[in-house]
2 protein chains.
Amino acid sequence: MKESTLCPKFEKGMQLLGKRWTGLILYQLLSGPQRFCALEGALPVSGRLLSERLKDLEKEGLVHRQVFTDSAPVRVEYSLTEMGKALTPVLKGIETWSQSWIELNADEMANDSEE
Amino acid sequence: MKESTLCPKFEKGMQLLGKRWTGLILYQLLSGPQRFCALEGALPVSGRLLSERLKDLEKEGLVHRQVFTDSAPVRVEYSLTEMGKALTPVLKGIETWSQSWIELNADEMANDSEE
DNA sequence: GTAACAAAGTTACTTTTCGTTAGTAAGTAT
DNA sequence: ATACTTACTAACGAAAAGTAACTTTGTTAC
């Protein structure tokens, strides 16, 4: 792999956000702490990958994982840390940009209304 | 693949930016139109992937490709379209966020100074 | 008490995408 | 004619993603 002239921090940040599902997971967590199954239900990502991404995000300090042993089945809640919350304007920015510029083609429209 | 409750436009936007190298390529193009080899030199991405990504970005309308047949060896310049330029605040936002929050570990520091 | 169910994963396996190395086509320089 | 440049493309092994089945701990249903 080659070397780049980019700032390594920016490069690492991009590498994080530029991983499949990361952005959507963080966006989903913007609305508040959520359980594993809630995230799994809200996003078209498999449990395997969701688990992997959440582990990464926790390690990088964007997401906090809290286990509740008291309640009935062990409940696990994921929430954004300060670092994660600091991404809010970026995620909202992407949302706005998408609304303004993205167009869906026939396939995508179809995909969205069925199956 | 499951269905999501997300806005399909946002989902598609995220899918675009959440592809490896896309963000860095767009960021690199913020500084003005650039040739294939310039991008290849500036980013740690291989020609194969760069070509693939640029083709995607062109198809999605973020990037414009212009060929100059007049000059010596065929020159190809890539530049941001309006749609691409509209991402400026997002990309800058990620840059700022990275500067503030990302920490590099020993490996990454080492990787950056040699090889 | 045991069969069935749920949450939060993990394992095993297949398909896609990546990364690396070579090679191509058109043109230039020597 | 040979070597060199730009902008790619092809081929192939390696890494990541997708899918389905399984595990663990506890719960409720009968």
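Below, chain A is the first sequence line, B the second, and so on; all start at residue 1. This structure is a prediction, so every number in the text was calculated from the model and none was measured.
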With a 4.0 Å limit, can you tell me whether [X] has a side-chain N or O closer than that to the phosphate oxygens OP1/OP2 of [N]?
X	N	answer
B/Lys55	D/dT9	yes
A/Arg65	C/dG9	yes
B/Trp21	C/dG19	yes
A/Arg20	D/dA16	no
A/Ser51	C/dT10	yes
B/Tyr78	D/dC8	yes

(Q) Looking at every heavy atom in both B/Glu60 and B/Met83, which two are closest together, and how far apart are they? (A)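 It is O-SD, 3.4 Å.
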
(Q) Give me the atom names and distance for the closest heavy-atom approach of B/Ala42 to B/Gln28. (A)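 Of all heavy-atom pairs spanning B/Ala42 and B/Gln28, the closest is CB-NE2, 3.3 Å.
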
Q: Assign each of B/Arg35 and B/Glu52 to its nearest nucleotide of DNA chain D by heavy atoms, then name whichever residue's nucleotide is nearer the 5' end.
A: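 Looking at DNA chain D, the more 5' nearest nucleotide goes with B/Arg35.
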
Interatomic distance, [X] [atom1] vs [N] [atom2] [rounded to whole Å]:
X	N	atom1	atom2	answer
B/Arg75	C/dG27	CZ	P	15 Å
A/Glu77	C/dG9	CD	C1'	17 Å
B/Leu49	D/dC12	CG	C1'	15 Å
B/Gln15	C/dT16	CD	P	15 Å
A/Arg53	C/dG9	CZ	C1'	16 Å
A/Ile25	D/dA17	CD1	P	11 Å
B/Leu43	C/dC18	CG	P	15 Å
A/Glu40	D/dA20	CD	C1'	13 Å

Q: Among the candidates C/dA12, C/dA7, C/dC18, find the nucleotide nearest to the side-chain atoms of A/Arg48.
A: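 The closest nucleotide is C/dA12.
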
Q) Nearest to the side chain of A/Val76 - C/dA7, D/dA7, C/dG9? A)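 From the listed options, C/dG9 comes nearest.
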
Q: Using atom types as modelled and distance alone, determine if a side-chain donor or acceptor of B/Trp101 lies under 3.5 Å from a backbone N or O of A/Gly61.
A: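 A pair under 3.5 Å: no.
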
Q.
Please check: side-chain N/O of B/Thr81 versus main-chain N/O of B/His64, any donor-acceptor pairing under 3.5 Å?
A.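 No, the answer is negative, given that no donor and acceptor are paired below the 3.5 Å cut-off.
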
Q.
Before you tell me yes or no, could you show the steps for A/Lys9 and A/Glu11 under salt bridge (Lys or Arg N to Asp or Glu O under 4.0 Å), namely the whole-Å CA-CA distance, both residues' side-chain angles and the distance that decides it to 0.1 Å?
A. CA-CA 5 Å; A/Lys9 288 188 180 184; A/Glu11 202 181 327; over 6 Å; no

Q: Dot-bracket for DNA chain C, please, read 5' to 3', with Watson-Crick or G-U wobble pairs under 3.5 Å on both distances, ( ) within the strand, [ ] crossing, | other strand, . unpaired.
A: ||||||||||||||||||||||||||||||

Q: Please tell me if the side chains of A/Trp21 and A/Leu50 come closer than 4.5 Å, counting only heavy atoms from C-beta onward.
A: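 Side chain of A/Trp21 against side chain of A/Leu50, heavy atoms only: no contact under 4.5 Å found.
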
Let me check something: any side-chain donor-acceptor pairs from residues 88-96 of chain A under 3.5 Å, sequence neighbours excluded? List them with distances.
from, atom 1, to, atom 2, distance (Å)
A/Thr88, OG1, A/Lys85, O, 2.5
A/Glu95, OE1, A/Tyr27, OH, 3.4
A/Glu95, OE2, A/Tyr27, OH, 2.5
A/Thr96, OG1, A/Lys92, O, 2.9

